[in-house]
Number of protein chains: 4
Amino acid sequence: MTGEKNEKKAAIAGAAVRLFTERGFHGTPTSLIAREAGVSNGTLFHYFPTKEDLINFAYFEIKNRMAEEIGRGVDAERTERERMRRMWRNAVLWGVDHPDEYMFVQQFCSSPFVRRLPPEEFLKDAPAVFESLTGTLGKSCLEGIPIEVAFAVISSPIDAVIRSIINPGGNLDRDRLIDASFEIIWRGLTGE
Amino acid sequence: MTGEKNEKKAAIAGAAVRLFTERGFHGTPTSLIAREAGVSNGTLFHYFPTKEDLINFAYFEIKNRMAEEIGRGVDAERTERERMRRMWRNAVLWGVDHPDEYMFVQQFCSSPFVRRLPPEEFLKDAPAVFESLTGTLGKSCLEGIPIEVAFAVISSPIDAVIRSIINPGGNLDRDRLIDASFEIIWRGLTGE
Amino acid sequence: MTGEKNEKKAAIAGAAVRLFTERGFHGTPTSLIAREAGVSNGTLFHYFPTKEDLINFAYFEIKNRMAEEIGRGVDAERTERERMRRMWRNAVLWGVDHPDEYMFVQQFCSSPFVRRLPPEEFLKDAPAVFESLTGTLGKSCLEGIPIEVAFAVISSPIDAVIRSIINPGGNLDRDRLIDASFEIIWRGLTGE
Amino acid sequence: MTGEKNEKKAAIAGAAVRLFTERGFHGTPTSLIAREAGVSNGTLFHYFPTKEDLINFAYFEIKNRMAEEIGRGVDAERTERERMRRMWRNAVLWGVDHPDEYMFVQQFCSSPFVRRLPPEEFLKDAPAVFESLTGTLGKSCLEGIPIEVAFAVISSPIDAVIRSIINPGGNLDRDRLIDASFEIIWRGLTGE
DNA sequence: AATGAATGAGCTTTCATTCAT
DNA sequence: AATGAATGAAAGCTCATTCAT
């Protein structure tokens, strides 16, 4: 019986994620979310006192799903390179498979609407990976740069790759692009 | 008889850029823009029939200024490496010097509001630079990848660097970060 | 638990009719209607999603009340002439007693705003009367003319009579005018 | 050279009539009228200090043209009956040939916007005809009714006939309808 | 006379949020 | 917990009108 408790809350959050990604924060009235979730207008505000609360909740939901997916199988890899490579692929593939959610996260991150939140850097939520790279970064020319900054820098091509694949355009060879982008960063870091 | 002709239009566009960057598209009513620009509400709509028109105008204004700044002095450099390095620094410094404008452009690009515009990739408007790099890219492991995709990939750390510097945080050594990020990409591309 | 359910809707429609007739569609802002009805601006749009919806609703309300009044007592009359005469009087008296509503209907019917609605001819909604006259019309010189056209033609003086009585002017003998106008039409039709 | 003086005024009035009839008073902004007339916004207000002035001007323009047309050839008829019959046909045919102008006049007359104007009864502007009918009306059952009221009553079917012809609908036999409607009124008045 | 930029009050409509039931 | 009617502050945009040139 416990699960039922939050059935409605889950329905609301689900509808919110879907609609926000399709139409943006401001293009999505709370009334529409409630309707799509099959609950009343008032119920929505019972669970999320503010529209901003709902946006944040949706954001963290997605963020968590994404982080989980990115970390999948990383620990099973033997070398530092392979761990990072696995993560790299996971990240790109998640973005490509969930373009709406991906763009929602991007939209969220560059929206002044939520600039107040603590800055959530890419991959911050994959602590295992995060720490495992500290050594590599420290030996690169990024040595001395704060770890989260270094991390943001080297993972940034992931975003470019995802956008290139997502956006309708020429027939890209996905795997080549993923591998090549990774190679550039890895070689740039280690010289190998 | 001076350039006063478009004094008001310029005032409106200027106020718009400032306010949009501070408060977002949706957080900025046209009435506020007009007030800040020192004109009446109606005058704003005389020059920009739609709020969206105003947003687009502001975007292209900034985009052009940025592109011009990024290309500055690039042709004077002798080697391929120095040309790209110059561009790299120009780009980061422009972003750092114009954080509001920079974030406005980012906000614009990941807004579902304007997803329909032709995808304007970073630096696309610096054709001289753009073409000069074709050779270098062609010999790297990005060979065969469409040029604009390759370009988006290698320039993506610029975004991360700018954000890291802009965001309030520890005392970063800007120059080291700019150089290090460039070195990673350059070495990644060329092995040098 | 009474009919209070639509108290507010009725209040809005009532205020709308009154104000529209006094000031015209375009001279009556929705905000004024809401204020006069004692509800908030938002409530008005809760019940009538569009101003046009409100106008149409008001129109059909009045139309129905009018049609009901015009048919009153007609069936009790014995002869064709008396039925038509009764209807004639009813129509004029309704217009005279409800000048605002009457002019609202007229305004509605000649407004380009609503030209798209199916043309609702005067009295169309009093089918009993309508059919009872078919015989008379068929034997007159209007024989062969489509019934609704014939009807529009012979009932048109009603409008002139109502307007003459409504408009401030000399002291008209209402009853004489009503009877005389009817006599002309009746004699014109039947020769009696 | 004198005619040129009012070239612009005429252009404005012409555009106004056309646009008002197509789109209604409220659907026609003054700026649109000016543009269609090929003059500036300010010029329009130079000639017509108020939009209402322009509406009135347009109304009287049409009214005069209509009255002239209705009176055409009436004096040449020999009998009272033929004079009225000629007028009847003229009126209907004018309405049918100028449906936009006709509806504009109707719209004008039942608009509360201009309720303040002296009531302009149908045909009032054709004094010759008007007076020639006085005798006939005086001997009918409308005897004793104020002449303009009597006139409004007997001419009202003209409106119904015009509307029936104008409105898209079955194939009406125009001439039969015009004749029949006239016959009813004439017989109603005179018993002939 | 002619222009058209400038005005600002006012319009319809939206929507996050409240609250009595 | 759940409802959905009610709210009212905005928002984007229009347009008759003014006025400096």
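Sequence lines set the chain letters: A, B, ... in the order given, protein chains first and strands last, and positions in each chain run from 1.
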When you measure from the side-chain N and O atoms of A:H46 to the phosphate of F:dA2, is any distance below 4.0 Å, counting only OP1 and OP2? no
Measure OH/A:Y47 against P/E:dT17 and give the value in whole Å, please. 18 Å
Output yes when a side-chain donor or acceptor of D:T43 lies under 3.5 Å from a complementary backbone atom of D:V39, and no otherwise. no
Is there a side-chain contact between C:I166 and C:R163, using heavy atoms and a 4.5 Å cut-off? no
Take the protein atom CZ of D:F20 and the nucleotide atom P of F:dC15, then report the distance between them rounded to whole Å. 12 Å
Look through every strand shown and name the nucleotide pairing with F:dA20 as Watson-Crick or G-U wobble, where both distances are under 3.5 Å. E:dT3
Whole angstroms only, please: what is the CZ-C1' distance between C:R35 and F:dA6? 18 Å
To the nearest angstrom, the NE2-C1' distance between A:H26 and E:dA16 comes to 13 Å
Cation-pi check, C:K63 onto C:F104 ring (under 6.0 Å, within 45° of axis): no
Rounded distance (Å) that lies between atom P of E:dA6 and atom CZ of B:F48: 12 Å
How long is the line joining CG of A:N56 and P of E:dA16, in whole Å? 15 Å
Look only at the side chain of B:T50 and the backbone of B:D53, and say whether a donor-acceptor pair between them is shorter than 3.5 Å. no
Angle between ring planes, C:F108 versus C:F25, binned at 30° and 60°: parallel, tilted or perpendicular? perpendicular
What is the separation between atom CG on D:L32 and atom C1' on E:dG4, rounded to the nearest whole Å? 16 Å
C:K8 has a side chain; which of F:dT7, E:dA2, F:dA5 sits nearest to it? F:dT7
List, with names and distances, any nitrogen or oxygen atoms from the protein found under 3.5 Å away from nitrogen or oxygen atoms belonging to nucleotides 8-10 of chain F.
unit_1	atom_1	unit_2	atom_2	d
F:dG8	N7	C:G42	N	3.1

Does B:T21 reach the main-chain N or O of B:E101 with its side chain, forming a donor-acceptor pair under 3.5 Å? no
Taking F:dT17, E:dT13, F:dA5 as options, the one with an atom nearest any side-chain atom of C:T30 is E:dT13
Roughly, in whole Å, what's the span from CG in C:L19 to C1' in E:dT12? 16 Å
Test B:E22 against B:R18 for salt bridge (charged side-chain N to carboxylate O under 4.0 Å, His left out), laying out the working first. CA-CA 6 Å; B:E22 279 168 16; B:R18 181 158 34 88; 5.1 Å; no
Please figure out whether B:F45 or C:L44 has its closest DNA chain F nucleotide nearer the 5' end. C:L44
Both D:T50 and B:G27 contact DNA chain F. Taking the nearest nucleotide for each, which residue is further toward the 5' end? B:G27
